[in-house]
Amino acid sequence: MSAPYLIAGNWKMHKSITDARAFLKHFLPQLKELPASVQLALCPQNAALSEMVQAWGNIGKDVSERLAFGTQNTHWAESGAFTGELAPQLAKELGATYAIIGHSERRQFFGESNETAADRAKAALAADLTPIFCVGENLSARESDNTEAVLRAQLGALFATVAETPERFVIAYEPVWAIGTGKTATAEQAESAHAFIREFCSEHWNADFCAKLQILYGGSVKPANAKELLSCPNVNGALVGGASLEPDQFAAIAAAAN
Ligand code: PGA
């Protein structure tokens, strides 16, 4: 049996608390129409997280368990002198279920390495969060046929650090050249990378766990391309940036996961 779909929104550094509340209000009626089997998550800026969790608890009521929340990053230490970082346990206290880890923007702009991303994933697991661990090649790696070598290095560092099969984990394949560019991997490119990731994971982690591991595709997912990408056998959901900012678009992508 394969994994249920997970559609996660990465809001990056967008939306005030007022915007976030307005999104939830608009999204609620649409959520009721979505297939019950689809899991949903939103990852706002850290400072808006507990506000959103509370607002959702109040307006969502009967459907609140259909939508979970996550952070966009958490630190590898439990606590300490790390100015500007978020401790995983505090993220949990704020109401996060998920933590996006190793997003390519963190790798590109904030010096995230394969090793620090792996350490963050380990600490997130210890705090009872589910990492959404991002991997993906840049354009030059894609063009020089090095996609699998990059994935191998990124995931290799993860397996060196999280050696035992975790209880819960999500991987997001996000080709860097497709993020925020309007370019999307073709269904064939996505399926091939996802199949490789699943296979590589099952060389290190329990095979049954890996068969059900949610591997999300990310990179310019829109309502227009969601169906095709989500119908690939190894694509178990999407990590959505730009299109997750609009409740109608986010709902339309989730509706395609069927
Ligand atoms: P995008 O972002 O959907 O805007 O390309 C995806 C991501 O960065 O997770």
Side-chain angles (χ1 to χ4, degrees), residues 5-15 19-20 23 27 38-46 48-49 67-74 91 96-112 117 120-121 124 129-139 141-142 147 150-151 154-155 158 169-187 189-190 193-194 197 214-230 232 235-257:
Y5 286 106
L6 170 63
I7 308 296
N10 174 10
W11 280 1
K12 309 193 178 184
M13 206 172 72
H14 294 290
K15 288 201 191 291
D19 297 337
F23 179 103
F27 188 59
V38 180
Q39 301 170 349
L40 293 145
L42 284 174
C43 304
Q45 296 181 67
N46 291 336
L49 187 61
L67 176 65
F69 295 90
T71 61
Q72 299 172 13
N73 180 39
T74 48
T97 299
Y98 295 97
I100 297 175
I101 301 287
H103 188 277
S104 68
E105 285 150 19
R106 305 269 340 149
R107 294 175 188 264
Q108 188 181 350
F109 300 121
F110 302 101
E112 187 84 274
R120 288 180 200 273
L129 295 162
T130 301
I132 300 178
F133 190 83
C134 301
V135 295
E137 80 288 359
N138 62 21
L139 189 58
R142 164 64 59 180
T147 297
V150 170
L151 297 176
Q154 293 170 332
L155 290 169
L158 175 68
F169 211 85
V170 176
I171 291 179
Y173 169 63
E174 299 207 305
V176 179
W177 49 271
I179 294 178
T181 58
K183 287 185 201 156
T184 320
T186 63
Q189 287 170 326
H194 282 230
I197 290 168
Q214 288 170 316
I215 306 177
L216 316 184
Y217 170 80
S220 298
V221 177
K222 309 276 179 240
N225 59 28
K227 186 99 208 157
E228 198 187 350
L229 288 160
L230 292 167
C232 298
V235 176
N236 313 109
L239 182 55
V240 188
S244 72
L245 298 170
E246 293 296 327
D248 296 353
Q249 290 195 31
F250 191 56
I253 291 168

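For clarity, every value in this text was computed on a predicted model and none was experimentally measured. Counting starts at 1 for both ligands and their atoms, following the listed order.
In the vicinity of Ala178, heavy-atom distances shorter than 4.0 Å reach the ligand 1 atoms 5 (O). Below 4.0 Å from some heavy atom of Gly242 lie the following atoms of ligand 1, by number and element: 1 (P), 3 (O), 4 (O). In summary, the atoms of ligand 1 found under 4.0 Å from a heavy atom of Gly219, numbered by their order in the structure, are 5 (O). Within ligand 1, the atoms closer than 4.0 Å to a non-hydrogen atom of His103 are 7 (C), 8 (O), 9 (O), numbered from 1 in the order shown. For ligand 1, the atoms closer than 4.0 angstrom to any heavy atom of Ser220 are 1 (P), 3 (O), 5 (O). For ligand 1, the atoms lying closer than 4.0 Å to a non-hydrogen atom of Gly180 are 1 (P), 4 (O), 5 (O).
Below 3.5 Å of separation, one finds no N or O of Gly218 facing any N or O of ligand 1.
Remark: among candidates Glu174, Glu105, Lys12, the nearest residue to atom 9 (O) of ligand 1 is Glu174, based on non-hydrogen atoms. Closest heavy-atom approach to atom 6 (C) of ligand 1 within the set Gly241, Ala238, Ser244: this belongs to Gly241.
Gln39 pairs by the side chain to side chain donor-acceptor pair (under 3.5 Å) definition with Gln214, not counting sequence neighbours.
Put simply, the side chain of Tyr173 does not reach to within 4.5 Å of the side chain of Val235, judged on heavy atoms. Using a 4.5 Å heavy-atom cutoff, the side chains of Thr147 and Gln189 are not in contact. At least one side-chain heavy atom of Leu155 sits less than 4.5 Å from a side-chain heavy atom of Ile171. The shortest side-chain heavy-atom distance between Val240 and Gln249 does not fall under the 4.5 Å cut-off. Put simply, the side chain of Ile132 does not reach to within 4.5 Å of the side chain of Asn10, judged on heavy atoms.
The two atoms that bring Thr184 and Ser220 nearest to each other are OG1-O, 3.5 Å, heavy atoms only.
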Checking side-chain contact (heavy atoms from CB on, under 4.5 Å) for the pair Gln72/Arg106: CA distance, chi angles, key distance, verdict?
CA-CA 9 Å; Gln72 299 172 13; Arg106 305 269 340 149; over 6 Å; no
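In this structure, Ser104 has no heavy atom closer than 4.0 Å to ligand 1.
For Ile179, heavy-atom contacts with ligand 1 shorter than 4.0 Å involve the backbone as well as the side chain.
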